[in-house]
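A short worksheet on the structure shown next.
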Amino acid sequence: MSARTKAPDQQDDGTPLGGRRSAARLIAVQALYEIEMAGASTEAVLRQFMDRRWGRRSEEEGAGPLIKPDTEWLVVLVRGVAERMAELDEAIAGALDKARPLERLEVLLRAILRAGAYELVSQTDVPARVIINEYMNIAHAFFAGKEPSLVNGVLDRLAHVLRHQELEDPSG
């Protein structure tokens, strides 16, 4: 019998890295939504998500998520957005159509855009196209209308400003 070895794109438990980060992104958006709606502190919401959402679930609450989130990534995202909210909001507002101000967007849509913008600004080891795709998928999970296209457009505009060298077309 051979020992099971971890692939480079897997966590120690064999779960794909992308899956755990995707789950963390989704939960980060939910946490950011809760922070804004309830006016709760970042740390209180993070504690609640860590303790109650996956930490100690009873049988009647269900089996939990199919993919355990990358909790370190979750904390980085939520704290990062909270710490840089004004900067992120300014960048997002600049990428929005002037007829659609940031403060008039739904809270959940703002949370998605803020998390995506934060990753584009601070997580330069993650390709911009991956970030845009991840947050479009999250938008599709919550919205059936034009919101995913809005997320795509805003994050794409931000990526072309923040990561223009990464997104340059090599063919000219």
Side-chain angles (χ1 to χ4, degrees), residues 8-9 11 15-37 41-43 45-46 49-50 65 67-172:
D9 61 344
Q11 293 289 332
T15 305
L17 279 172
R20 291 189 63 163
R21 282 200 171 176
S22 294
R25 287 178 177 106
L26 175 64
I27 294 164
V29 166
Q30 293 170 327
L32 293 167
Y33 173 85
E34 190 167 320
I35 289 166
E36 186 166 346
M37 289 300 293
S41 76
T42 301
E43 295 308 312
V45 170
L46 279 171
F49 272 74
M50 303 295 248
I67 297 175
K68 183 181 176 191
D70 179 337
T71 54
E72 289 179 28
W73 193 253
L74 168 64
V75 169
V76 165
L77 292 175
V78 174
R79 285 182 181 158
V81 170
E83 290 169 4
R84 298 176 78 171
M85 182 92 60
E87 172 192 351
L88 298 171
D89 285 356
E90 184 177 330
I92 294 165
L96 280 168
D97 182 329
K98 300 304 174 208
R100 182 176 246 178
L102 179 64
E103 59 275 0
R104 299 228 12 215
L105 296 179
E106 290 185 28
V107 174
L108 185 55
L109 195 52
R110 282 196 304 264
I112 293 168
L113 290 171
R114 286 170 175 156
Y118 174 75
E119 279 201 60
L120 287 170
V121 167
S122 67
Q123 304 300 319
T124 56
D125 59 322
V126 180
R129 287 185 176 90
V130 169
I131 293 167
I132 294 166
N133 188 58
E134 288 280 326
Y135 287 99
M136 271 187 48
N137 288 340
I138 292 171
H140 277 293
F142 289 106
F143 298 103
K146 296 181 180 182
E147 292 86 353
S149 294
L150 175 73
V151 169
N152 180 49
V154 169
L155 293 181
D156 186 65
R157 281 189 285 282
L158 286 174
H160 277 85
V161 170
L162 299 168
R163 301 205 188 171
H164 61 278
Q165 291 178 331
E166 177 185 338
L167 298 175
E168 282 180 357
D169 183 6
S171 63

Any heavy-atom pair between the side chains of [Y] and [X] that's under 4.5 Å?
X: Asn137; Y: Arg25; answer: no
X: Phe49; Y: Leu46; answer: no
X: Tyr118; Y: Leu32; answer: no
X: Met85; Y: Ile35; answer: no
X: Leu109; Y: Phe142; answer: no

- Message: Taking Arg21 first and then Glu134, would you say they form a salt bridge - that is, a charged N and a carboxylate O separated by under 4.0 Å?
- Response: no
- Task: Could you give me the CA-CA distance, side-chain angles and deciding distance for Leu96 and Leu150, then say whether side-chain contact (heavy atoms from CB on, under 4.5 Å) is met?
- Result: CA-CA 9 Å; Leu96 280 168; Leu150 175 73; 4.0 Å; yes
- Query: For residues 79-99, which residue pairs qualify under side-chain hydrogen bond (donor to acceptor under 3.5 Å, both in side chains), counting only residues two or more places apart or in two chains?
  - Reply: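 For residues 79-99: Glu43-Arg79, Arg84-Glu87, Asp89-Arg114.
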So which atom in [X] and which in [Y] form the shortest heavy-atom distance, rounded to 0.1 Å?
X: Thr42; Y: Ala82; value: OG1-CB, 3.3 Å
X: Leu120; Y: Leu155; value: CD1-O, 3.5 Å
X: Gly145; Y: Pro148; value: O-CD, 3.4 Å
X: Trp73; Y: Ala24; value: CD1-CB, 3.9 Å
X: Pro127; Y: Arg163; value: C-NH1, 3.6 Å
X: Ile132; Y: Ala159; value: CD1-CB, 4.0 Å

Please report the interatomic distance [atom1]([X]) to [atom2]([Y]), rounded to the nearest 0.5 Å.
X: Met37; Y: Gln30; atom1: CE; atom2: CD; value: 14.0 Å
X: Ser149; Y: Asp156; atom1: OG; atom2: CG; value: 12.0 Å
X: Glu119; Y: Asp125; atom1: CD; atom2: CG; value: 9.0 Å
X: Leu77; Y: Ile27; atom1: CG; atom2: CD1; value: 11.0 Å

- Task: Could you tell me whether the side chain of Glu166 and the main chain of Ala128 form a donor-acceptor pair under 3.5 Å?
- Result: yes
- Take Val76 and Gln123, measure what side-chain contact (heavy atoms from CB on, under 4.5 Å) needs, and give me the verdict at the end. CA-CA 10 Å; Val76 165; Gln123 304 300 319; 3.7 Å; yes
- Query: Is there a side-chain contact (heavy atoms from CB on, under 4.5 Å) between Val107 and Arg110 once you walk through the steps?
  - Reply: CA-CA 5 Å; Val107 174; Arg110 282 196 304 264; 3.2 Å; yes
- Going through the checks in order, is the side-chain contact (heavy atoms from CB on, under 4.5 Å) test met by Leu105 and Glu147? CA-CA 10 Å; Leu105 296 179; Glu147 292 86 353; over 6 Å; no
